[in-house]
Every structure is written in structure tokens, then in C-alpha cells.
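Written below as C-alpha cells is the structure these notes are about.
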Protein chains: 2
Amino acid sequence: MKYAKEEAVFEKYISSGKLKQSKQRKNIMQAFLESGKHVTAEELYNAVKRKFPSVGLITVYRTLKLFCKCGLAREVCFENGTARYEHLYGRQHHDHLICSACGKVIEIEDPDIEKLQDRQYKMHGFVPQGHRMDLYGICRKCRMCQR
Amino acid sequence: MKYAKEEAVFEKYISSGKLKQSKQRKNIMQAFLESGKHVTAEELYNAVKRKFPSVGLITVYRTLKLFCKCGLAREVCFENGTARYEHLYGRQHHDHLICSACGKVIEIEDPDIEKLQDRQYKMHGFVPQGHRMDLYGICRKCRMCQR
DNA sequence: ACCGAAACTGAAAATGATTATCATTTTCAT
DNA sequence: ATGAAAATGATAATCATTTTCAGTTTCGGT
Ligand SMILES: [Mn+2]
Ligand SMILES: [Mn+2]
Ligand SMILES: [Zn+2]
Ligand SMILES: [Zn+2]
């Protein structure tokens with residue numbers, strides 16, 4: 001159905017390794033695909049539990065790791081320590097603009113910045129492996145309300 | 001002596017609040033100023049202990065927080081979760097280029113990137129509060145050795 | 001459909017970095 | 001010198017994440 005492609009990616013990953021399918025994994029995948037962006041392991045766990053009360057938080061952690069390995073998810077950590085997972089399938093690389101007041105996250109893609117980052121890699125003789133750029137600020141709405 | 005200015009900043013901060021001086025703080029400050037860049041609380045603790053075995057790790061944590069508050073240090077976290085503290089006094093804002101293989105950290109300042117970041121803030125109606133940009137890659141030396 | 005090895009699960013315990021508690025010690029203005 | 005306020009450090013608590021391990025499930029032969 002709606003997420004056939006994502007499910008195919010995961011199944012391919014499962015069968016290409018010596019991994020096995022399980023209903024827990026299917027349920028967690030389902031909940032992940034339906035979840036909003038940038039979920040916490042715990043948030044996803046709560047979402048799954050609503051429909052499938054038997055799944056454990058530990059399995060959610062393990063399954064999120066699998067999603068990352070097969071390219072369906074990416075782990076991102078903002079300033080507080082907790083890891084968040086975002087959908088990666090069919091998405092471009094992007095960075096984040098975060099409101100420190102309300103936590104809203106805006107995804108930004110700026111090819112000009114990426115070019116300049118490449119310039120830095122070249123200048124220092126590094127082979128790029130990936131980067132993170134998080135811009136923190138206060139959004140318009142929070143400026144209106146707060147004071 | 002060598003770090004008179006930094007010490008002055010700290011003393012001013014101490015006396016302007018209702019804080020008090022202590023030999024532990026002096027020792028930790030000493031060790032911090034002499035330390036390399038981007039130390040861990042634990043690394044600093046070990047360095048201090050060599051000269052002053054009585055200081056506790058807890059006090060190192062607390063004192064590092066003070067350094068951050070008075071502008072002598074900045075907390076930075078790279079991809080592994082542990083916090084690192086870098087010298088901030090008399091330093092410009094900068095970002096980091098990190099070798100994923102050997103952990104080497106290169107500090108980069110790129111006004112062009114900063115300009116583009118500001119453009120993003122403006123485009124989305126955010127008031128900037130601070131950002132982090134970490135570029136991960138493999139350095140030249142690591143490419144030679146490793147394979 | 002059956003088997004068994006290998007993988008998966010989840011509860012409980014372990015981890016590791018950091019923080020809170022609190023009784024004792026130290027600082028510093030009076 | 002004195003005492004209130006702050007600092008210290010041992011211990012215990014957090015909190016997110018990982019490890020362990022015994023019981024359960026999957027799946028490729030049969
Ligand atoms: Mn995102
Ligand atoms: Mn630095
Ligand atoms: Zn906001
Ligand atoms: Zn290197």
C-alpha cells in the first residue's frame with residue numbers, strides 16, 4: 001500500500017543478511033512510517049504500544065538501529081542528549097533549524113552552504129563522510145507570545 | 001603570569017556573584033588553561049589529580065560549568081555523547097572538522113558559511129541564538145596508513 | 001507438516017555520563 | 001575571631017541506551 005517501497009527496502013535488507021522477519025518489526029516499521037518527523041525511541045515505543053501493547057522498548061531501540069543500517073532512517077541528536085530518528089527514504093540530505101523555545105524543527109537544504117563545506121574539506125585534505133549543521137534560534141511565533 | 005587575563009575574568013565572575021574562591025577552583029582552572037583543546041571532564045580531572053590528588057570529579061564538572069558561564073569555556077559535543085570543553089577566551093566563534101578515524105579536530109572559521117546561515121535565519125523568521133556545524137571526514141594521514 | 005539451528009524478544013540488570021543530596025569543611029565580610 | 005553562606009566530595013540518583021540471558025519464534029531443509 002502506502003509504504004510499499006519502504007517495506008521493500010527493509011525486507012530486502014532482512015533477507016540479504018541472516019536476519020529474520022518478525023511481527024514486532026513489522027509493527028514498529030508501521031508505526032515509524034506513520035510517525036511524524038524526528039521521533040524519539042520512547043515516542044515511537046508509545047505509538048507502537050497503542051496498537052501492539054506487547055512490544056518492548058528494547059526492541060524498538062534495536063529496530064531503529066536496523067532502519068538506520070538499511071537507509072530508512074537517520075539518527076539526529078539536537079542539543080539535549082536524546083537521539084531522534086527521521087525518515088530518510090526518498091529524502092535529500094538536509095540540515096535543521098530549531099526553535100530553542102518551542103522545539104519546532106525546520107528542515108533546510110542549502111546547496112550554497114554544502115558547496116562551501118566541500119571547500120573546507122578540500123582545503124584540509126579530508127575526504128567527506130557526512131556533517132551535521134544545527135541552527136538554533138527563536139521562531140516568530142515564540143517571539144510574539146513569550147514577551 | 002601567562003594566563004593572567006583568563007584568571008582575571010574568572011575572579012571578576014566570582015566576586016560579582018555571591019561566589020567564593022577556593023584552591024580547587026584555582027587548581028582546576030590552572031589545569032584547564034594548560035590543557036589541550038577540547039578536553040573531557042574526565043580528562044581534565046585526571047590532569048588535575050596528577051598535581052592535586054584531592055580534587056573530586058564532581059567539582060571538576062561544577063567548575064567547568066562556571067567556566068562556561070563566565071565565557072572562558074564552551075561546551076562542544078561531537079558524535080559520541082561525551083561533552084568536551086574548549087577554551088573560549090580571546091577566541092572567535094568557529095566550527096569543527098573532525099577525522100572519524102583518528103579523532104583529530106581542526107577548527108574552521110568561514111565567514112561565507114556564516115553569512116549563508118544568517119540568510120537561513122532571516123528566510124524563516126528566526127532570531128539566531130547559536131549554531132553548531134561539525135564536518136566529519138577522513139584526514140590525509142589516516143588515508144595513507146589505514147589502507 | 002516437522003526439526004533444529006540461528007535469530008529474535010523482552011525483562012532485568014548493567015552501563016556511562018552527568019547531576020542531586022547532604023553532612024562536613026572552607027571562605028570571607030563583619 | 002565568628003558565623004552565615006558557599007564549596008566540597010562521597011554516595012546515591014538519573015536517564016538514555018546497551019547487554020545479558022532464558023524462553024520464543026522464524027525458516028531453510030527434510
Ligand atoms: Mn530532518
Ligand atoms: Mn574548537
Ligand atoms: Zn518556537
Ligand atoms: Zn585522521
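Reminder, nothing fancy here: chain letters follow the sequence lines and each chain counts from 1.
- Counted within 6.0 Å of CZ on Arg91(B), heavy atoms from surrounding residues, nucleotides or ligands total more than 12; the atom is thus considered enclosed.
- Arg132(A) contributes no side-chain N or O that, together with a main-chain N or O of Val76(A), makes up a donor-acceptor pair within less than 3.5 Å.
- Using a 4.5 Å heavy-atom threshold, the side chains of Arg84(B) and Lys37(B) count as separate.
- Dense packing is recorded around NZ of Lys104(A), with more than 12 heavy atoms of other residues, nucleotides or ligands lying under 6.0 Å away.
- For His87(B) (side chain) and Phe32(B) (main-chain N/O), a donor-acceptor pair under 3.5 Å exists by modelled atom type.
- If you walk DNA chain C from 5' to 3' and mark each nucleotide with an atom closer than 4.0 Å to a heavy atom of chain B, the marks span dA17(C) to dC28(C).
- When hydrophobic residues (I, L, V, M, F, W, Y) are linked wherever their side-chain heavy atoms come within less than 4.5 Å, the members clustered with Phe126(A) are Leu97(A), Ile106(A), Ile108(A), Ile113(A), Leu116(A), Tyr121(A), Met133(A), Leu135(A), Leu97(B), Ile106(B), Ile108(B), Ile113(B), Leu116(B), Tyr121(B), Phe126(B), Met133(B), Leu135(B).
- At least one side-chain heavy atom of Ile14(A) sits under 4.5 Å from a side-chain heavy atom of Arg25(A).
- The nearest whole Å value for the distance from the CD atom in Glu11(A) to the C1' atom in dT26(D) is 14 Å.
- Within 4.0 Å (heavy atoms only), Glu42(A) reaches no atom of the nucleic acid at all.
- For the segment residues 54-64 of chain A, the set of residues with a heavy atom within less than 4.0 Å of an atom of DNA chain C comprises Ser54(A), Val55(A), Gly56(A), Ile58(A), Thr59(A), Arg62(A), in numerical order.
- Nucleotide dC27(D) holds its C1' atom 13 Å from the CZ atom of Arg25(A), rounded to whole Å.
- In this structure, Tyr85(B) and Lys23(B) both approach DNA chain C, and ranking their closest nucleotides by distance from the 5' end singles out Tyr85(B).
- With Tyr136(B) contributing its side chain and Glu79(B) its backbone, the two residues share a donor-acceptor pair below 3.5 Å.
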